[in-house]
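Just so you know, ligand 1 is whichever comes first in the structure, and atom 1 is the first atom listed for that ligand.
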Amino acid sequence: MPDTEYVLRIKDLRVEYRVREGFVKSVDDIDLDIEKGKFTAIIGESGCGKSTLNNVIMDILSPNAVIGKNSRVFFNGEDLLKLDRERLRQFRWRKAAMVFQAAQNALNPLLKVSEQFLDVIEDHETGEKKRESLQRINKLLELVKLDSRRVLSSYPHELSGGMRQRTIIALALVLDPEFLILDEPTTALDIITQSYIFDILTDIHNRLGLTMALVTHDISAAARLADNVVVMYAGKIMETGDIHSIFNSSRHPYSRGLLNAMPSIEGETVKKKPIPGSPPDLLNKPPGCVFHPRCGLAGEICAKEEPGLEDTGGGHKTACHKWREALP
Ligand code: SF4
């Protein structure tokens, strides 16, 4: 069997935000690998650190962020944290691109869509002729199921929210990146448009063989799209594994809580059970397992010792002292 290839390998990543009251630990010494050609979902509640993780990769952290001295973020073997500004600028869009939350509002309202695509290509000095660029842009717009002639000659306000979002997805692909991050890509859209965009994302992943990461609080979106899942909580990784192992035999009480809180396709017959309590204050995290104040399985050890990510077989890893008891 061929060795697994990774596009992204994160080691000991720590990101803190300096605030008046001290340091908010947003990402707390995590290791994470993103497999090449796979669709990985990074899921967790708001404030779990998933967006900070993206912002590190894309070099768009806010100025009060401090990255740990031992942190490493390797993209195809190259440490992004050591790149200078120009190399990082080249990296963004060409190697990795991102579709932001509510990205449909990110298009420039004063420029026609065609100009916005051509500007990105020009900015990155590809040397491509305009006619060739337009041919490629047409194909990308077709990939996201848009009428390219109509869209390219429109201003953003002439398109619906769903059309703008699909335009942004095509724009993210315009420099043929190796890795596409989607940060809550359908949050502001109605449920039918969300579903259509999920179909398009699946199609892009399958047709281009692109490595993709979906960052979401919506576990049902992960179920629909992902090959692999990373569950985060309070800046820590709680569990990782392929989609089947997470959904059918999760070994972590937090992941199981998220699954129990997921709306059932059987409607009212199975009631949702929200996880009791709320995430901790990141300025003052609880000792031991960061989930212990909310965990029904917590024992004495949980408040004292922090569990590491333990290999539980089949490529599945769980950070829980009692994962054997949490098995379904
Ligand atoms: Fe719950 Fe303890 Fe496992 Fe944390 S380590 S998830 S508190 S059982």
Side-chain angles (χ1 to χ4, degrees), residues 10-16 23-33 40-53 68 214-223 226 228-264 270-328:
I10 292 174
K11 305 277 173 219
D12 297 324
L13 181 64
R14 172 183 291 216
V15 183
E16 298 177 320
F23 284 91
V24 172
K25 264 190 193 169
S26 178
V27 172
D28 195 356
D29 292 329
I30 67 164
D31 290 347
L32 173 65
D33 294 329
T40 299
I42 301 171
I43 57 179
E45 293 164 286
S46 143
C48 71
K50 55 192 193 307
S51 291
T52 296
L53 197 58
L214 170 74
V215 176
T216 183
H217 67 282
D218 179 0
I219 198 162
S220 51
N228 295 328
V229 175
V230 177
V231 180
M232 287 188 73
Y233 180 76
K236 290 277 182 193
I237 292 178
M238 299 283 108
E239 187 163 41
T240 66
D242 68 42
I243 188 79
H244 302 291
S245 70
I246 297 286
F247 275 76
N248 301 327
S249 54
S250 163
R251 287 131 166 117
H252 197 286
Y254 177 63
S255 313
R256 299 187 66 76
L258 286 179
L259 290 165
N260 289 336
M262 186 169 89
S264 165
V270 182
K271 282 228 163 74
K272 291 196 282 171
K273 285 188 228 137
I275 303 171
S278 39
D281 175 1
L282 298 180
L283 268 166
N284 194 12
K285 286 198 201 180
C289 172
V290 75
F291 185 58
H292 86 258
R294 300 175 78 186
C295 180
L297 264 187
E300 214 174 306
I301 187 174
C302 302
K304 290 185 187 153
E305 277 179 36
E306 185 181 335
L309 262 182
E310 194 179 333
D311 200 329
T312 54
H316 191 113
K317 289 183 182 169
T318 297
C320 175
H321 294 301
K322 300 186 158 197
W323 63 266
R324 288 177 185 83
E325 293 172 44
L327 277 173

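Within the 4.5 Å cutoff, no side-chain heavy atoms of Leu32 are placed close to those of Leu13. Inter-residue side-chain proximity for Ile246 and His316 is flagged as met; some heavy-atom pair is nearer than 4.5 Å. Residues Glu310 and Thr318 fail the side-chain proximity criterion, which asks for heavy atoms closer than 4.5 Å. With a 4.5 Å cut-off on side-chain heavy atoms, Pro279 and Arg294 count as touching. Side chains of Pro280 and Tyr233 form a contact here, defined as non-hydrogen atoms less than 4.5 Å apart.
Annotation: protein N, O or S atoms under 2.8 Å of atom 3 (Fe) of ligand 1 (waters excluded) comprise Cys320 SG.
Ring geometry, Tyr254 versus Phe291: the interplanar angle exceeds 60°, so the pair is classed perpendicular (tilted spans 30 to 60°).
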